[in-house]
Amino acid sequence: MKKKYSLKMKNFLLCFGLVLAGISLISSCKTEKKEAATVAQKVPSSDEEEMYRPNFHFSPKKGWMNDPNGMFYYNGYYHLYFQHYPDGNTWGPMHWGHAISTDMISWKEQPIALYPDELGFIFSGSAVVDVENTSGFSVESKTPVIAMFTHHDMEADKAGEIIDETQSIAYSLDEGLSFTKYEGNPVIKNPNIPDFRDPKVIWDENRKQWTMVLAAGQEIMFYASKDLKTWKLLSTFGEGIGNHDGVWECPDLFPLPVKGTDETKWVLFVSINPGGPNSGSATQYFVGDFDGKTFTIDKNFQNELAKEHSFWVDHGRDNYAGVTWSNVTTAEGGKLFIGWMSNWLYANEVPTEKWRSTSTIARELGLIKGTKTYQLISNPVKELNRYRAQKFIVTDISVEGETVLTTSKTVSLSMTEINFEIPDVAEEGYTFILSNSQGDELTFGYDATEKEFFVDRNKSGKTDFSDKFTDRIAKAPRMESSSKLTGKILLDKTSIELFYDNGQTVMTEIFFPNAPFETLSIESDNEKFTINNLEIHELNFN
């Protein structure tokens, strides 16, 4: 099988040489376009903190971040680990960074949890709370937390060997603050498969076993274990199903109750790079059943998937490699999720210097049965409501031409939640415009003719760091058939997250304005266009 690399590995191999004995970086080079570090110098560090450091999305204090890893909940704390290179602002030798939160909104960064070692870099993985001590790692009745991750051998990688990735574990007896690597690593050796990585472990209560999904080239492998040390291959999934335009990565598997029914279905996440609906990185999902050994896609879902692949966790360009927290569900039985808010097309080149990358807002996932098949829904976690401060409500807004809705004199547009309801979008669409006095504009809205949402960041500020950043207007199909449209807009300094029709269609995009946005306007070609309700909350994180 011909070796394939994800874009994150290609970027690294182009730009870095590594001496593993010292786990230290010894060289760098220019990409075919321009050196990312040079682009970053355009923004002085002191200014970028004020301009670009998000108000309410997690970002590391310094260095590079990508995929979320090892997320679990225990004793009142949500743990978020993440792919991290603390000594540079582009992808490099991977560690597991760590942050904790009591509400998934306000995060406190912790010391690095896992460092590279003689087996390689610490790639993505997951963590579980071993309540029954199935692993046998407990000491003095302390509950073990077990992290399972991919070891990536860079020497083998550079030599062109396929077997450069294996699966290993580490255990923590202080609730995830520090880990000890298992002396028997790796627990799963590479069966001669490229891109063999990103283990996600869940507890299967019905069968009293640990189940793990693992990305393996263009398929997902299913494993089972009784003790988290010895693993047995159960089955595979993916051949001929879904999008295969890029490397399959970062899978997740979990059951979800179908809202309004007594039914439960299983959902399988598979991130892919490239191949997203608007190019680059994105996460697709499949709905079906799992019998403890095999995942079987729902036939109706598969038929709809074959007609038009619109089953994406997020249709925007900046939500990748997201997975769910273990050891916790919502009151309704839903799952909690967070993603990496960037895209491998330009992640190494965005205009920040001290740090690079941000996480999405944490989200609640649910499942509904739409008019055609099952459909994932995604909305911000309810804990965000606690941060609402000033509130402004306007009703029955008549839109004539470009109509100003609010300005920064009334409410900050850099830490804002906006909820709106439009009574009829059957015939005419609309466009929201975020703008500032320097001429930057971010536009987003709905095209009724095409029945699709869009985000246009071509004039949003700094865009010349990558020609891939503005090479298209991002689009997403509307899944809801009702003429009434509801939406939620989350604005941070450099990001917008859009949740339409109670989370049936979601879009996440980043941007880098030259100054904070000052005005929110709306326009429509329909002279009778109205907004029923507009509710604006300024968010307070002090």
Side-chain angles (χ1 to χ4, degrees), residues 315-316 361 368 370-371 377-380 382 384-437 440-456 475-492 495-509 516-540:
H315 289 262
I361 198 72
I368 62 172
T371 56
I377 58 173
S378 173
N379 287 288
K382 295 180 178 63
L384 183 63
N385 296 345
R386 303 173 189 169
Y387 293 87
R388 289 173 173 174
Q390 296 187 71
K391 178 180 179 180
F392 304 92
I393 297 178
V394 184
T395 59
D396 298 326
I397 303 170
S398 179
V399 176
E400 298 180 7
E402 185 172 332
T403 302
V404 174
L405 299 175
T406 190
T407 71
S408 56
K409 294 180 180 179
T410 302
V411 62
S412 170
L413 293 173
S414 296
M415 44 184 176
T416 322
E417 174 194 343
I418 302 169
N419 299 290
F420 66 92
E421 179 182 300
I422 296 173
D424 188 3
V425 290
E427 296 182 2
E428 297 292 340
Y430 66 89
T431 299
F432 282 110
I433 305 124
L434 276 167
S435 59
N436 60 27
S437 57
D440 301 334
E441 285 189 353
L442 178 76
T443 60
F444 56 98
Y446 179 66
D447 183 334
T449 302
E450 299 295 330
K451 293 183 172 56
E452 61 186 14
F453 301 100
F454 63 88
V455 179
D456 185 350
K475 298 178 181 180
R478 189 180 185 212
M479 310 301 288
E480 174 62 56
S481 58
S482 169
S483 61
K484 184 174 76 171
L485 171 68
T486 61
K488 182 186 294 289
I489 306 165
L490 290 185
L491 294 173
D492 207 336
S495 68
I496 184 168
E497 292 167 282
L498 299 163
F499 303 85
Y500 294 111
D501 298 315
N502 193 35
Q504 291 187 54
T505 302
V506 180
M507 301 184 76
T508 301
E509 302 259 332
F517 286 123
E518 300 162 335
T519 303
L520 176 66
S521 306
I522 190 171
E523 64 180 6
S524 175
D525 294 332
N526 189 344
E527 294 180 359
K528 298 180 181 180
F529 188 80
T530 60
I531 302 176
N532 272 3
N533 295 291
L534 183 72
E535 183 180 286
I536 303 175
H537 299 271
E538 183 170 289
L539 303 174
N540 186 353

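Residues that satisfy the side-chain contact (heavy atoms from CB on, under 4.5 Å) test with Asp424, not counting sequence neighbours, are Ala426, Ser483. By the side-chain contact (heavy atoms from CB on, under 4.5 Å) test, Gln504 is found to be paired with Ile368, Gln375, Ile377, Met479, Glu480, Asp501, residues two or more places apart in sequence or in another chain being considered. With sequence neighbours excluded, the residues satisfying salt bridge (Lys or Arg N to Asp or Glu O under 4.0 Å) with Glu452 are Lys475. Every residue meeting the side-chain contact (heavy atoms from CB on, under 4.5 Å) condition with Asp492, not counting sequence neighbours, appears here in chain and number order: Pro54, Asn55, Phe56, His57, Ser495. The side-chain contact (heavy atoms from CB on, under 4.5 Å) test applied to Lys391 returns Ile393, Glu535, His537, not counting sequence neighbours.
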- Message: Before you tell me yes or no, could you show the steps for Ile433 and Ile522 under side-chain contact (heavy atoms from CB on, under 4.5 Å), namely the whole-Å CA-CA distance, both residues' side-chain angles and the distance that decides it to 0.1 Å?
- Response: CA-CA 6 Å; Ile433 305 124; Ile522 190 171; over 6 Å; no
- Step by step, work out the side-chain contact (heavy atoms from CB on, under 4.5 Å) result for Val411 and Gln390. CA-CA 8 Å; Val411 62; Gln390 296 187 71; 5.6 Å; no
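Put simply, the side chain of Leu498 does not reach to within 4.5 Å of the side chain of Val506, judged on heavy atoms. A heavy-atom distance below 4.5 Å is not found between the side chains of Asp456 and Leu442. Put simply, the side chain of Tyr430 reaches to within 4.5 Å of the side chain of Leu485, judged on heavy atoms. Side-chain atoms of Phe432 and Leu520, non-hydrogen and from C-beta on, do get closer than 4.5 Å to each other. Looking at Thr431 and Phe444, their side chains never come closer than 4.5 Å, going by heavy atoms from C-beta outward. The closest side-chain heavy-atom distance from Tyr387 to Asn540 is not below 4.5 Å. Considering only heavy atoms from C-beta on, Lys451 stays 4.5 Å or farther from Pro477 through its side chain. Between Phe499 and Leu490 there is a side-chain heavy-atom pair separated by less than 4.5 Å.
The CG atom of Asp447 sits 9.5 Å away from atom CD of Glu428, with the distance rounded to the nearest 0.5 Å. For the atom pair CG of Asn419 and OG1 of Thr486, the computed distance is 9.0 Å after rounding to the nearest 0.5 Å. Taken from CG in Asn533 to CD1 in Ile422, the straight-line distance is 11.0 Å, to the nearest 0.5 Å.
Of all the heavy atoms in Lys488 and Pro380, the pair that sits closest is CD-CG, 3.7 Å. Heavy atoms only, all atoms of each residue included: Glu509 and Gly316 are closest at OE2-CA, 3.7 Å. When every heavy atom of Pro516 is checked against every heavy atom of Asn436, the shortest pair comes out as O-CB, 3.3 Å.
The neighbour count for Asp525 CG, taken as heavy atoms of other residues, nucleotides or ligands under 6.0 Å away, does not exceed 12. Counting heavy-atom neighbours within 6.0 Å of Glu421 CD, excluding the residue itself, gives a total above 12.
A donor-acceptor pair under 3.5 Å is absent between the side-chain atoms of Thr530 and the main chain of Asn532, judged by distance alone. The backbone N or O of Thr416 sits nowhere less than 3.5 Å from a side-chain atom of Glu538 that would complete a donor-acceptor pair.
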Pairs under 3.5 angstrom only: tabulate donor-acceptor contacts from the side chains of residues 395-409 to other protein residues two or more places apart or in another chain.
from	atom 1	to	atom 2	distance (Å)
Thr403	OG1	Glu400	N	3.1
Thr403	OG1	Glu400	O	3.2
Thr407	OG1	Lys409	N	3.3

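A parallel orientation is assigned to the rings of Tyr500 and Phe453, their planes being inclined by less than 30° (bins at 30° and 60°).
Of the candidates Thr519, Ile489, Asp440, Leu491, Leu434 forms a side chain to side chain contact (heavy atoms under 4.5 Å, CB included) with just one, namely Leu491.
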